[in-house]
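Computation of the quantities below employed the complete heavy-atom set of this structure, encompassing side-chain atoms and omitting hydrogens, waters and symmetry-equivalent molecules. Since the model is a prediction, treat every value here as computed from it, not as a measurement.
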Amino acid sequence: MALRDADRGIDTVRASLLETARPRPQLVRESFVDLDGEWGFAHDDSDLGLSEGWHDGRELPDRIRVPFPPESPASGIGATGFHPVVWYRRALTSSELDTAGHATGRRAVVHFGAVDYRATVWVDGQVVGTHEGGHTPFAFDITDALDGSLDQHVIVVRAEDDPHDIAQPRGKQDWHENPHAIWYHRTTGIWQTVWLESVAPQHVTALNWTSDLTAGTVTVEVSLRHRADSVVHVRIAHDGETLASASVHAGDTMTTLTFPVAGQANGQHYEHLLWRPEKPVLLDAWVRVETDGAETDTVASYLGLRSIDWAKGALLLNDRPVTLRSVLSQGYWPETHLAAPSADALRREAELIAELGFNSVRVHQKIEDDRFLYWADRLGLLVWGEMPATYTFSAEAVRRTTAEWTEAVMRDRAHPSIITWVPLNESWGVQHIASRADQRAFAEGLYHLTKALDPTRPVISNDGWELGTSDLWTMHDYEWDGQVLADRYDTDESVLREYIGGIGPAGRRIRLAGAEDTGQPIMLTEFGGVKWAVDASPSDSWGYSEASGAEDFTRMLAEILGAAQSGTRGFRGRPGGLAGWCWTQLTDTMQERNGLLTEAREPKLPFETLRALIRGTSTD
């Protein structure tokens, strides 16, 4: 697959304006090959495949549609039971390599968006790599494994996903055979897009963009494949006008370049280029690598100039207070489960959130496909990045969480839409954090690790309750009586600060002993959860409270949302103590029937009614 205007060169492609989001949207080359579609497939419940040599490329008995997990109907398999090992097989043709631009002297690289949980990949019978972590991408150079005597090559993947291993970061995936309570079907094996590209031996492997609004500068970290005599050239533009360009000699695999951006140092023009929800300006960028005097790589990228901080109880975006109207989204579809039905479905999900009147989304217990983040960047949607949880505390759970969370932050930290990180939720995996020093140390360690990887964003150490060191104080409160909520939150900041120093609505302390309150913003980050099933629903369907019909659903939404809205800063001129809120939830998710939309993404009330309620403009 080639870019629409690749014939004019990648240095003219605007990565910020590609109408079909690319895999790895902030590092775009001229061409790539989509390897999604029909693959061979087999369950290996007895784990015999390795000893029987299935990696030799033999045909497998079933067919599956990648990237849909085998538990999902869309995969063509739809087997939701316990299947700890699965195998995939796909032929890679010479024409596909040609489409990717592969030729002698270049390197063929196969990319996996996500494989849950542990993957081994073979090409033409040779192991090309392994990866652990079910939610983060990985790539392998397969060039040396390609058997030149073959007309076509064979990619084989073995995925291991123990359904009973609760030390494995799994998020909302159930460890029971059938979904129960708030958990849903497992996602095994390949569940995000697979693709191939061809690159020169010396090429860009990763980019990270940051900006300093005070200094008027942009910094780019460029990761290269090899140490070599290379020069990196960077150009940034907006609407065709070059804003900055610079070059640096790269003596190592990582090089950093900081340079001024025209118009950002001072003056009123400073505001013109800033990224924010109401005006999500994206700047286009191109990074070119020369090695030994010859161009070896050019990639298109994009960035947003913005800062996120907090002071005196307010969350600050570009040094201006911003109140979050957020919604919890689980990114789950009935036919495809954690995998999105298509790239367009990811776009539509972001559009729906914005059209409903939210300015923020908390992607819950899932590291979302970064094509969703691309549309959040373009639409001005503020995103909370959250780590899927384990459900036990052990050295192995610590190791796995730390490794996968590091990969997630490194992948997503250049997206301007990401405004905060959530490594833990509701003490899942650290159930005794209030009394056990080792569990608290783990949470503190994750906080500081995240700040070390990305010092530019706030970190919520354990969203919902039992927070130690944290840049935000957050509470989960599913009280359904609007007046009770109003009594709690429609008040000034000093009252709320006394509240977060004690026992919260879930019967747990909000701040752990010794955690210092230095004026962090206070947010209600889960509330609502009102069930109203507009269609047939399973017998175990539930919500945190229940409406009797459309009229009652409207009333409950108005009262519960109104209580949170009245407690926020600046709402209708009031000096409330909340810096924002997050409604549960965007869509119904299997037996959870507490969405504003159905699983099919249809609104349960007229769209304009929902939008007015969310924005606090309803007069009903």
Exercise for the section: Report the C-alpha separation of Phe527 and His476 in whole Å, then their side-chain angles, then the decisive distance to 0.1 Å, and conclude whether the ring pair (Phe, Tyr, Trp, His ring centres under 6.0 Å) test is met. Expected result: CA-CA 6 Å; Phe527 76 121; His476 295 177; over 10 Å; no
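- The aromatic rings of Trp191 and His135 sit perpendicular, their planes meeting at an angle over 60°, well past the 30° parallel limit.
- The side-chain contact (heavy atoms from CB on, under 4.5 Å) test with Ile460 singles out one residue from Leu424, Asp471, Leu467, and that residue is Leu467.
- Around atom CZ of Arg348, more than 12 heavy atoms belonging to other residues, nucleotides or ligands sit under 6.0 Å away.
- Screening residues 378-388 for side chain to side chain donor-acceptor pair (under 3.5 Å) gives Glu19-Arg378, Ser360-Trp384, Arg362-Glu386, His364-Glu386, Gln365-Glu386, Tyr374-Arg378 as the qualifying pairs, with residues at least two apart or on separate chains.
- Between Glu407 and Arg411 there is no salt bridge, since no side-chain nitrogen of the basic residue lies less than 4.0 Å from a carboxylate oxygen of the acidic one.
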Exercise for the section: Under the side chain to side chain contact (heavy atoms under 4.5 Å, CB included) rule, what do Arg14 and Leu282 come out as? Steps first, then yes or no, please. Expected result: CA-CA 10 Å; Arg14 297 182 62 183; Leu282 295 176; over 6 Å; no
Practice task
Go through the steps for Asn594 and Gln585 under the test side-chain hydrogen bond (donor to acceptor under 3.5 Å, both in side chains), then give the verdict.
Solution key: CA-CA 6 Å; Asn594 51 19; Gln585 61 180 324; 2.5 Å; yes
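- One N or O on the side chain of Arg306 and one on the backbone of Pro416 form a donor-acceptor pair closer than 3.5 Å.
- When all heavy atoms of Gln565 and Ile614 are compared, the closest pair comes out as NE2-O, 3.0 Å.
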Practice task
Check the pair Trp421 / Tyr447 against side chain to side chain contact (heavy atoms under 4.5 Å, CB included), numbers first and verdict last.
Solution key: CA-CA 9 Å; Trp421 299 114; Tyr447 170 89; over 6 Å; no
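- Thr188 and Tyr88 make their closest contact through O-OH, 3.8 Å (heavy atoms, listed as atom of the first residue, atom of the second, distance).
- Atoms CZ and CZ, from Arg325 and Phe358 in turn, are 9.0 Å apart once rounded to the nearest 0.5 Å.
- Looking at Thr193 and His111, their side chains never come closer than 4.5 Å, going by heavy atoms from C-beta outward.
- By the 4.0 Å N-to-carboxylate-O rule, Arg400 lies close enough to Asp165 to be salt-bridged with it.
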Practice task
Dump the intermediate steps for side chain to side chain contact (heavy atoms under 4.5 Å, CB included) on Lys604 and Phe553, then the final yes or no.
Solution key: CA-CA 9 Å; Lys604 294 184 178 180; Phe553 190 58; 4.0 Å; yes
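- Salt-bridge check for Asp36 with Arg65: failed, with every basic side-chain N at 4.0 Å or more from each acidic carboxylate O.
- Ring geometry, Tyr391 versus Trp175: the interplanar angle falls from 30° to 60°, so the pair is classed tilted.
- In this structure the side chain of Leu324 reaches within 4.5 angstrom of the side chain of Leu315, judged on heavy atoms.
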Exercise for the section: Kindly indicate, with the supporting measurements, whether the criterion salt bridge (Lys or Arg N to Asp or Glu O under 4.0 Å) is fulfilled by Glu608 and Arg615. Expected result: CA-CA 10 Å; Glu608 288 307 313; Arg615 295 185 64 89; over 6 Å; no
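- Here the side chain of Gln26 pairs a donor or acceptor atom with the backbone of Ala414 at under 3.5 angstrom.
- The side-chain contact (heavy atoms from CB on, under 4.5 Å) test with Thr474 singles out one residue from Asp463, Leu524, Thr420, and that residue is Asp463.
- Residues Arg457 and Asp309 are not paired through a salt bridge, judged by the lack of any N-O separation under 4.0 Å between the basic side chain and the carboxylate.
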Problem - ring pair (Phe, Tyr, Trp, His ring centres under 6.0 Å) between Trp209 and His415, worked out - result: CA-CA 8 Å; Trp209 301 96; His415 286 281; over 10 Å; no
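- Note: Tyr478 and Tyr544 have parallel aromatic rings, judged against thresholds of 30 and 60 degrees for the angle between ring planes.
- Summarising the geometry of Asp116 relative to Asp161, their closest heavy-atom pair is O-CB, 3.5 Å, with the distance given to 0.1 Å.
- Residue pairs that meet the salt bridge (Lys or Arg N to Asp or Glu O under 4.0 Å) test with at least one member in residues 171-187, sequence neighbours left out, are Lys172-Glu592.
- Although no hydrogens or angles enter the test, the distance criterion places no donor-acceptor pair under 3.5 Å between the side chain of Glu160 and the main chain of Arg118.
- Atoms NZ and OH, from Lys366 and Tyr332 in turn, are 10.5 Å apart once rounded to the nearest 0.5 Å.
- For the pair Ser566 (side chain) and Ala563 (backbone), a donor-acceptor distance under 3.5 Å is absent.
- Looking at Glu599, its side chain never comes within 3.5 Å of a backbone N or O of Thr589 through a donor-acceptor pair.
- Using a 4.5 Å cut-off on side-chain heavy atoms (C-beta onward), Val220 and Thr210 make no contact.
- Without hydrogens or angle criteria, Thr609 side chain to Leu605 main chain gives no donor-acceptor distance under 3.5 Å.
- The two residues Val281 and Trp275 come nearest to each other via the heavy atoms O-CD1, 3.3 Å.
- Using modelled atom types, one finds no donor on one side chain facing an acceptor on the other under 3.5 Å when comparing Ser301 with Trp286.
- Heavy atoms of other residues, nucleotides or ligands lying less than 6.0 angstrom from CH2 of Trp480 number 12 at most.
- Listed here is the closest heavy atom pair of Trp375 and Ala21: NE1-CB, 3.6 Å.
- Using a cutoff of 4.0 Å between basic side-chain nitrogens and carboxylate oxygens, Arg601 and Glu351 are not scored as salt-bridged.
- Salt-bridge formation is not detected for the pair Glu38/Arg90: no Lys NZ or Arg NE/NH1/NH2 atom is positioned less than 4.0 Å from an Asp or Glu carboxylate oxygen.
- Here the closest non-hydrogen pair linking Ala15 and Val28 is CB-CG2, 4.4 Å.
- Looking at residues two or more places apart in sequence or on another chain, you find a side chain to side chain donor-acceptor pair (under 3.5 Å) between Ser16 and Asp284.
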Exercise for the section: Start with the C-alpha distance between Leu317 and Arg276, add both sets of side-chain angles, then the distance that settles side chain to side chain contact (heavy atoms under 4.5 Å, CB included), and finish with yes or no. Expected result: CA-CA 8 Å; Leu317 181 67; Arg276 52 196 184 275; 4.2 Å; yes
